[in-house]
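As the structure lists them, so they are numbered: ligands from 1, and atoms in each ligand from 1.
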Amino acid sequence: MKILVADDEKNIRDSIMDFLKLEEMDVLAAENGFSARRMLESEVFQAAVIDLKMPGMDGLELLKWIQEEGPAIPVIMISAYGDITDAVAAMKLGARDYIVKPFDPEELVIRLKRIIENQELKERMELGKREAPGFEDWICKSPGMMEIKKFIEKIAPTPSTVLITGESGTGKEIIARTIHRLSPGAGEPFVDINIGGVPENLLESELFGYEKGAFTGADSRKIGMFELASSGTLFLDEIGDMPIHLQVKLLRVIQERKIQRLGGTQSIPIDARIIATTNKNLEDRLKQGLFREDLFYRLNVIRIEVPPIRERREDIPVLAGHFIKKFNKIMGKIVCGIEPEALECLQSYGFPGNVRELENIIERAVILVEKDIISINDLGITVKIQKFRIKKGTLDQVQKQTIVEALMRWEGNRTRTAKELGITRKTLLNKIKEYGLE
Ligand SMILES: Nc1ncnc2c1ncn2[C@@H]1O[C@H](COP(=O)(O)OP(=O)(O)OP(=O)(O)O)[C@@H](O)[C@H]1O
Ligand SMILES: [Mg+2]
């Protein structure tokens with residue numbers, strides 16, 4: 001923990017410094033406002049103790065700068081007996097506390113610790129609040145998704161761990177946020193960590209936090225995400241990427257509902273609801289030994305499998321409408337809808353990027369459209385897709401045409417084409433040969 005002390009009187013500076021060092025705090029001292037500001041600009045502090053009266057830039061000016069442009073750290077002001085009006089002004093400017101000279105350094109330490117603790121609490125609350133206004137509505141219409149919706153409403157109020165699986169862009173994260181919103185912890189933090197996005201050596205300390213001195217460089221306590229999410233939701237995105245040794249620890253946390261900070265000895269109770277997602281096939285990773293079986297079964301109790309959008313085409317019109325409204329608002333446009341032909345075109349597209357891709361297509365269309373309705377040319381995907389045509393001909397001809405169209409939608413990708421057509425890859429390869437499509 002690093003503290004800045006700014007006072008022009010050397011003996012006061014020194015005595016505060018000595019005392020804080022006894023408490024194992026790092027202290028840097030400045031003899032006036034200007035040098036204090038320079039230090040605040042170049043180093044990270046957890047709090048500052050500032051004398052009101054200093055030559056040059058005084059304490060009030062320094063405080064004002066901190067509040068307006070400087071780092072968001074709590075400040076304690078030191079005022080001389082008789083400077084109470086200035087001390088009041090300082091509190092109005094945002095100082096967290098003030099102490100009157102002469103003071104007992106021990107008293108200062110107590111107050112300093114208190115405001116640093118409060119600051120941590122405040123940061124935690126802000127983490128929670130950040131979520132509130134950003135909520136996006138989760139839209140669905142297809143029978144499959146309506147089932148999921150009902151399921152979500154049922155499980156949201158429980159504390160159970162949830163596993164959400166599905167291809168990239170199917171809406172796993174927005175479902176996790178919806179569950180949080182419907183849960184008793186809705187007003188509490190939704191803390192989100194992308195397991196694959198955090199370097200492996202940092203992941204453990206991000207999740208569990210650490211005590212001061214746990215390792216070189218751990219110069220103050222850090223609260224981990226399990227604790228930050230307390231009473232709320234901890235969202236473990238891409239859990240398939242979690243290293244095996246942390247999977248063991250995670251399993252233990254889920255079972256025991258307790259953690260220990262790195263380097264700590266105390267068990268801290270955890271009440272955050274855990275929601276995990278993955279777009280990887282966990283069953284496959286299980287077989288490859290990359291995912292622990294016991295953790296998988298523990299997570300798999302409440303499982304939501306989000307289907308790709310090509311398997312729930314009834315959702316396309318409502319989602320398109322939803323995104324048109326969303327981007328109208330963001331871009332100040334008044335697009336009122338989408339031409340039937342363009343909608344048909346979307347209905348027959350494969351959407352390898354799922355809802356995210358649909359959202360991007362609509363965003364682009366809302367930017368480009370010149371009339372007030374989106375036409376096929378605004379979609380930018382016409383090259384990839386073939387327009388829907390009523391198929392006529394013998395059964396064989398219809399089958400061939402269906403396969404050709406599906407292959408074009410998937411740009412020749414056999415596996416995805418087979419999946420869409422509901423046949424095995426082998427059958428598809430046979431058909432391709434049979435019809436001479438290569
Ligand atoms: N049913 C839905 N209603 C409204 N918006 C949706 C819906 N499904 C997905 N979206 C939107 O589509 C985008 C992608 O969704 P999201 O990020 O939840 O996908 P994901 O499954 O987590 O993807 P990835 O695996 O790539 O992380 C987001 O902008 C999300 O808001
Ligand atoms: Mg995601």
Protein contact of atom 23 (O) of ligand 1 - nearest heavy atom, named by residue and atom, plus distance: G169 N, 2.9 Å
From the candidates E359, R356, E167, K280, the one that places a heavy atom nearest atom 27 (O) of ligand 1: R356
Heavy-atom closest pair, residues R312 and T170: NH2-O, 3.2 Å
Ring geometry between F327 and F323 (parallel below 30°, tilted from 30 to 60°, perpendicular above 60°): tilted
Per-atom contacts of ligand 1 with N279, taking only distances under 4.0 Å to non-hydrogen atoms: 25 (O)
Closest to atom 6 (C) of ligand 1 (judged by heavy-atom distance), picking from I148, I174, N354, I139: I174
Ligand 1 contact on D137 by region, counting heavy-atom pairs under 4.0 Å: backbone
Minimum heavy-atom distance between E363 and M331, given as atom pair plus value: CG-CE, 3.7 Å
Side chain, backbone, both or neither: H322 near ligand 1, heavy atoms under 4.0 Å: side chain
Close-contact set for ligand 1 against L319 heavy atoms, below 4.0 Å: 1 (N), 2 (C), 3 (N), 4 (C)
Nearest heavy atoms of E206 and V198, plus distance in Å: CG-CG1, 4.1 Å
Which residue and heavy atom of the protein sit nearest atom 20 (P) of ligand 1, plus the separation: K172 N, 3.5 Å
Protein contact of atom 26 (O) of ligand 1 - nearest heavy atom, named by residue and atom, plus distance: S168 OG, 2.6 Å
Nearest-contact summary for atom 10 (N) of ligand 1 - protein heavy atom, Å: V355 CG1, 3.5 Å
Heteroatom distance test (E173, ligand 1): nitrogen or oxygen, under 3.5 angstrom: yes
Heavy-atom side-chain contact between L236 and L207 under 4.5 Å: yes
Numbering as shown, the atoms of ligand 1 that approach F323 to under 4.0 Å (heavy-atom distance): 5 (N)
Where E204 and L262 come nearest, the two heavy atoms and their spacing: OE2-CD2, 3.6 Å
Shortest protein contact, atom 15 (O) of ligand 1 (heavy atom only): G171 CA, 3.6 Å
Test item: R313 and S142 side chains (from C-beta on) under 4.5 Å apart, heavy atoms: no
Residue pair R303 / T165, side-chain donor-acceptor N/O under 3.5 Å: yes
For V355, the option from L319, I139, I174 that meets side chain to side chain contact (heavy atoms under 4.5 Å, CB included): L319
